2 protein chains.
Amino acid sequence: MSEAPPILVVGVGPGDRRLLTPQALEAIRHAEVVIAYTGYFAGIADLVEGKECLALALGEEVQRAELAVQRALAGRRVCVVSSGDPGIYGMASLVLETAASLGAEQAPDIVVVPGVSAVNAAACLLGAPLGHDFAVISLSDLLTPWPLIERRLSAAAGADFVIALLNPKSRRRAWQLGRACELLLQSRAPETPVGVVRHAYRPGEAVLRTTLAALADAAVDMFCTIIVGNSSTRRFGQAIFTPRGYSLAEETP
Amino acid sequence: MSEAPPILVVGVGPGDRRLLTPQALEAIRHAEVVIAYTGYFAGIADLVEGKECLALALGEEVQRAELAVQRALAGRRVCVVSSGDPGIYGMASLVLETAASLGAEQAPDIVVVPGVSAVNAAACLLGAPLGHDFAVISLSDLLTPWPLIERRLSAAAGADFVIALLNPKSRRRAWQLGRACELLLQSRAPETPVGVVRHAYRPGEAVLRTTLAALADAAVDMFCTIIVGNSSTRRFGQAIFTPRGYSLAEETP
């Protein structure tokens with residue numbers, strides 16, 4: 001194994017400093033080089049003063065990972081910052097993939113520091129929709145074949161998972177959410193409670209409670225996380241929650 | 001809506017204080033009454049001094065929720081503490097269910113404070129196995145019919161989800177993990193990377209990397225979280241990671 005210092009891949013949570021863990025804070029403070037999407041630096045500006053800050057655009061994830069490995073191999077303490085949890089569709093797997101391409105002899109160690117993920121955050125703002133088994137599916141077909149995404153949607157709906165949808169829509173990907181709703185409606189009731197959370201724990205936070213039938217026409221963009229209930233999910237006031245168990249006396253769904 | 005103060009349901013993460021968010025810390029400090037499983041008080045003893053502490057046994061989750069509602073209705077600031085994230089199989093849905101049974105006029109408000117979940121924590125210690133779509137399934141059939149759990153295991157395996165298994169085994173539930181492995185092996189290769197994390201970020205933490213073929217015979221108990229890779233999940237050194245995308249030029253799984 002290389003003698004380079006380990007690369008820390010750090011999750012800063014949804015964005016609100018009150019959801020940044022002490023471990024993540026310490027990891028950023030300890031770094032000499034901080035690499036992140038440009039938009040993340042505003043929230044951690046006071047932590048990165050005097051450090052080498054490499055701010056890259058959205059879409060430049062591979063470049064971020066490569067820079068991290070290069071700087072670590074040059075002996076620098078590198079921190080790659082992800083929003084949410086870096087292990088859930090975050091930078092951690094990409095940094096590991098990049099390190100793996102060098103081979104075990106050359107690659108630096110990678111340490112992943114967990115955070116509050118977008119899925120956790122959205123669920124808490126909605127109540128407790130993830131109180132039982134759930135599936136997390138990204139609707140982005142930029143790196144995943146759409147037929148596989150459809151297979152996952154149908155499988156998850158058919159087996160009564162609560163379903164969290166990430167990357168539901170963007171300007172370039174307008175039809176996928178509507179198609180996803182069609183598939184989910186094949187095995188889930190139109191009145192199924194659905195929550196849409198935009199900019200969780202950030203300025204402009206918005207929470208919409210709706211139904212599966214109305215979801216395709218809801219105002220949704222790439223800043224939203226969507227949670228679709230299972231057959232037991234209920235509404236109570238403003239909250240959406242999924243009971244932790246099924247009544248074993250009743251017939252199972 | 002009732003004029004009772006809101007009940008805060010708070011996630012303290014895996015147990016290590018460095019993974020406790022400032023928001024969760026503040027919520028506990030602000031409370032007059034703290035309700036939790038007995039075992040959680042050791043880790044927050046300095047935060048709850050002078051407060052009314054209600055420590056209940058495992059299995060007394062319903063009682064914890066009922067006490068929370070009673071104390072809130074008596075005008076007290078109540079905090080219910082869950083490990084991990086309170087929205088993911090935690091106390092949040094049970095407190096909401098208990099409040100809902102009172103009806104909207106009487107029930108106190110419920111605020112859920114997110115935390116680093118057991119699933120996030122286990123994944124970070126393993127590398128980045130949750131780099132792509134995943135499903136979370138509890139193998140406990142105490143409150144869920146076993147046939148539904150089997151349906152979910154088969155559906156998730158068939159649609160190539162990474163799969164996190166919670167509550168995999170206990171003294172009373174010894175055969176379920178073996179049966180789950182049989183089902184997963186029907187659509188996933190025996191050499192699929194699997195990680196078993198026991199006591200993540202706690203004293204006695206242990207991380208085991210194994211394969212799906214060997215999982216049924218691994219040392220597993222109720223303190224373990226298991227993550228089973230998808231068809232793309234790879235090993236690199238000590239790490240297990242799932243690439244964030246599929247090579248769209250290749251045939252899809």
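Here is how names work: the chains are called A, B, and so on, in the same order as the sequence lines, proteins then strands, and each is numbered from 1. Keep in mind it's a predicted model, so treat the numbers as computed, not measured.
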Out of A:V136, A:L130, A:V111, which one racks up the most heavy-atom pairs below 4.5 Å with chain B?
A:V136
I'd like to check the side chain to side chain donor-acceptor pair (under 3.5 Å) partners of B:H199; sequence neighbours left out, ordered by chain and number.
none
Interface residues of residues 11-19 of chain B facing chain A - non-hydrogen atoms under 4.5 Å apart:
B:R17, B:R18, B:L19
With sequence neighbours excluded, tell me which residues meet ring-ring contact (aromatic ring centres under 6.0 Å, His included) with A:Y37.
A:Y40
Where is the tightest heavy-atom contact between A:A159 and B:A155, given as atom of each residue plus distance?
CB-CB, 3.6 Å
Interatomic distance, A:L96 atom CG to B:T242 atom OG1 [nearest 0.5 angstrom]:
10.0 Å
Largest heavy-atom contact set with chain A, pairs under 4.5 Å, which of B:G90, B:A92, B:A100
B:A100
Hey, what do you get for CG (B:D85) to CG (A:D85), rounding to the nearest 0.5 Å?
11.0 Å
Which heavy-atom pair separates A:F236 from B:G103 by the least distance, and what is that distance?
CE1-C, 4.0 Å
Under a 4.5 Å heavy-atom cut-off, does chain A meet the side chain of B:S138, its backbone, both or neither?
both
Largest heavy-atom contact set with chain A, pairs under 4.5 Å, which of B:P129, B:G87, B:P114, B:P243:
B:P114
Can you name the closest pair of heavy atoms from B:F134 and A:I88 and give their distance?
CE2-CG2, 3.8 Å
What part of B:V113 is in contact with chain A, defined as an atom under 4.5 angstrom from a non-hydrogen atom: side chain, backbone, both or neither?
backbone
Against chain B, label A:A164 side chain, backbone, both or neither, depending on which of its atoms sit under 4.5 Å from a heavy atom there.
neither
Checking B:E26 against chain A: side chain, backbone, both or neither under 4.5 Å from a heavy atom?
neither
Indicate the ring-plane relationship of A:Y89 and B:H132, choosing parallel, tilted or perpendicular according to the 30° and 60° boundaries.
tilted
First locate atom CG of A:L153, then atom CG of B:D133, and finally report the distance between them rounded to the nearest 0.5 Å.
8.5 Å
Do you know which two heavy atoms are closest between B:V112 and A:Y201, and how far apart they sit?
O-OH, 3.8 Å
Hey, could you give me the CZ/CD distance between A:R244 and B:E97, rounded to the nearest 0.5 Å?
8.0 Å
Check whether any side-chain heavy atom of B:F241 sits under 4.5 Å from a side-chain heavy atom of A:V95, and report yes or no.
no
Residues 116-127 of chain A: residues contacting chain B (heavy atom under 4.5 Å, by number):
A:V116, A:S117, A:N120, A:C124, A:G127
Residue part contacting chain A, namely of B:I137, when any heavy atom lies under 4.5 Å:
both
